[in-house]
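Structure first, then comments.
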Amino acid sequence: MISSADIPEPFESYSGEGPYVFVSYAHADKIPVYQSMREFKDAGVNLWYDEGIQPAGEWVEEIAHAIKRSSLFVVFVSPRSVDSRFVKSEVGYALSENKDILTIYLEQTTLPAGLSLCLQQFQSIFVSEQNWQQKASSTMLEKINEIPQPVEQIPLEDRVDSEFDYGAELWKSWDRVWSVQLKRGLNRTTGLKAPSNPPFRPVGKTSPGTNSGLVSDNQSQAKISSHPGRGKTRHPLAFDVAINEQSPDLDDLPRENHVDFYAGTFSWIPSGQLSIWVPYAEEQRIVDVENSFWLCQYLVTQEVYTHVMGANPSFADTEINSSSDAFPVNNVSWLDAVAFCKALTILSASQGTLPQNHEYRLPTEVEWEYACRAGTSTVYYFGDDPSELHNHGWFRGNSQKRIHQVGLKSPNPWNLYDMYGNVREWVGNSFVNTLLNDSEQDEFRISRGGGYMKTAAECQSSSRSTNSLYHRFRNLGFRVALAKKP
């Protein structure tokens, strides 16, 4: 009997700059998949697949990059591929990148409930159908031959005033970096401090009706250094907040709680601003939370996750003889959380309860901290005294090293529960993505909110952790935002 490892690759994976199709499959299905790919290639389809790449314990950066650049994602479905964690990770990443997906069923296969919901919006083809290869090839060619939408050209006379001198800005940044490195070098070798000018700080925008809690440079420096460890952080750090009480961006929608049949109650979060200190640029920046949104009052529970996705991946970490339904779902990857949000969006839309042009998604890191602070600028939303944390979250000091039911502690001023403990929470775009106005991300994602094994100092409004986007841990879950589609 021939082993799948003995089957040679049919051709080299596409490496050009043109449009191509990404192919995801289980290696146990090599024989029918390779035969199909030869048909597609003969029809003129450029194909990228994991030819020559050995599966590894970590997310393969090359595969992630190939999915991101692809014009269409094709997955061969079988009982083997459904059980493959590599295929599931690839499908999850394609969903997170909003790729169009073509599902080819090699045989009758029962999909997990959540994956079935996410894939039902895309075209499916069964190899038992007549002329299925021609149908699949036509779909692929139609997608990769789509004419890109033309970019709007700015008239020359309008471009002159908007020219930006990147060279000058680069030298400004270089001067700031050089100043920081010089100070560090002098401090290490002589104990002396190098003279420097005050760091550049752009002036933030304020909207009419904004309750401006923004502070002066001297005040902000004092506020940053007043919290233990904050002055030394290498990560962007939010330290002040301003709420736009007018919330003009969603005047067509009621400013009240939203109730979802599956996920529960969502608190209305008005638009506003965060002051963020950027340590590597030595500047304070004002970041706008431009659109109001809703944020779920509770972490996604095991009951909710099971209803939507059809399975509960959580560790059994509950009280003796108690139901796990009201405990937060845990042991979920970032990709799992994204898939849940997409499935919940589809379910709610089919029920007619989804506001028009809205979607469920993970909150961004800026949105999460802005909602957590709820207008406060202290270490915790309840003040600076960590001894009060036991009233607001489950952490190492009171958790008995296990998770607890959601909603047992006091909420923040916007009725959001468990923001400081129980499980850490996956978020979407990070501070860095927001500051750079960039959606590009590597393998790693941010989680917020502390956790039941964290100390009080690790459960502050500014606390954050980093993990690979497919890692799963017993102290890692998420909550869901409801927001306008971009």
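FYI, the numbering just counts along the sequence from 1. Note that this is a predicted model, so its numbers are computed, not measured.
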Check: Heavy-atom distance under 4.5 Å between the side chains of Val427 and Thr364, does that happen here?
Finding: no
Notebook entry, point to check: Charged N to carboxylate O under 4.0 angstrom, Glu359 versus Lys485?
Noted result: no
Next item on the list: State plainly whether the residues Glu367 and Arg361 are in salt-bridge range, i.e. N to O under 4.0 Å.
Entry: yes
Check: Going by atom types only, do Glu303 and Thr306 share a side-chain donor-acceptor pair under 3.5 Å?
Finding: no
Margin query: Quick check: do Leu476 and Asn330 have side-chain heavy atoms less than 4.5 Å from each other?
Written below: no
Next item on the list: Report yes if the side chains of Val45 and Glu39 come closer than 4.5 Å at any heavy-atom pair, otherwise no.
Entry: no
Checklist line | Residue pair Asn98 / Lys342, side-chain donor-acceptor N/O under 3.5 Å | finding: yes
Notebook entry, point to check: Can you find a heavy atom in the side chain of Val74 that is under 4.5 Å from one in the side chain of Phe22?
Noted result: no
Check: Does any non-hydrogen side-chain atom of Val91 lie less than 4.5 Å from one of Phe73?
Finding: yes
Checklist line | Pair Arg479 + Glu425, salt bridge at N-O below 4.0 Å | finding: yes
Notebook entry, point to check: Below 4.5 Å, heavy atoms only, C-beta onward: do Leu111 and Val77 meet side chain to side chain?
Noted result: yes
Check: Between Tyr305 and His307, does the ring centroid distance fall short of 6.0 Å?
Finding: no
Check: Are Phe340 and Phe478 close enough that their ring centers fall under 6.0 Å?
Finding: yes
Review item, side-chain donor-acceptor pairs of residues 412-423, under 3.5 Å, at least two apart:
unit_1	atom_1	unit_2	atom_2	d
Asn412	OD1	Trp414	N	2.9
Asn412	OD1	Asn415	N	3.2
Asn412	OD1	Leu416	N	3.0
Asn412	ND2	Ala371	O	2.9
Asn412	ND2	Cys372	O	3.1
Asp418	OD2	Gly407	N	2.9
Tyr420	OH	Tyr381	N	2.7
Tyr420	OH	Ser461	OG	2.6
Asn422	OD1	His404	N	2.9
Asn422	ND2	His404	O	2.9

Notebook entry, point to check: Do the two ring centres, one from Tyr370 and one from Phe293, sit under 6.0 Å apart?
Noted result: no
Notebook entry, point to check: Side chains of Ile125 and Gln123: closer than 4.5 Å at any heavy-atom pair?
Noted result: yes
Notebook entry, point to check: Are the side chains of Tyr262 and Leu344 in touch, meaning some heavy atoms are under 4.5 Å apart?
Noted result: yes
Note to self: Between Ser462 and Arg373, does the side chain to side chain contact (heavy atoms under 4.5 Å, CB included) criterion hold? Intermediate values first, please.
What the structure shows: CA-CA 9 Å; Ser462 60; Arg373 290 184 176 278; 4.2 Å; yes
Next item on the list: Say whether, by atom type as modelled, one donor and one acceptor occur between the side chain of Ser292 and the main chain of Ser271 under 3.5 angstrom.
Entry: yes
Margin query: Can you confirm whether or not the ring centre of Tyr380 sits under 6.0 Å from the ring centre of His392?
Written below: no
Item checked: Pairs flagged by ring pair (Phe, Tyr, Trp, His ring centres under 6.0 Å) wherever residues 115-144 is involved - sequence neighbours left out -> Tyr105-Phe126
Margin query: Using the rule given for side chain to side chain contact (heavy atoms under 4.5 Å, CB included), can you reason through Thr345 versus Leu347, listing the C-alpha separation, both sets of side-chain angles and the distance that settles it, and then say yes or no?
Written below: CA-CA 6 Å; Thr345 299; Leu347 272 177; over 6 Å; no
Margin query: Under 3.5 Å, is there a donor on one side chain and an acceptor on the other for Asp260 and Ser348?
Written below: yes
Note to self: Students often mix this up, so state it plainly: with edges at 30° and 60°, are the rings of Tyr25 and His27 parallel, tilted or perpendicular?
What the structure shows: parallel
Notebook entry, point to check: Is Glu107 paired with Arg80 through a side-chain N to carboxylate O contact shorter than 4.0 Å?
Noted result: yes
Note to self: Would the distance check show the side chain of Glu365 and the main-chain N or O of Phe431 forming a donor-acceptor pair, the cut-off being under 3.5 Å?
What the structure shows: yes
Next item on the list: Please answer whether the main-chain N or O of Tyr49 pairs with a side-chain N or O of Ser13 as donor and acceptor at a distance below 3.5 Å.
Entry: yes
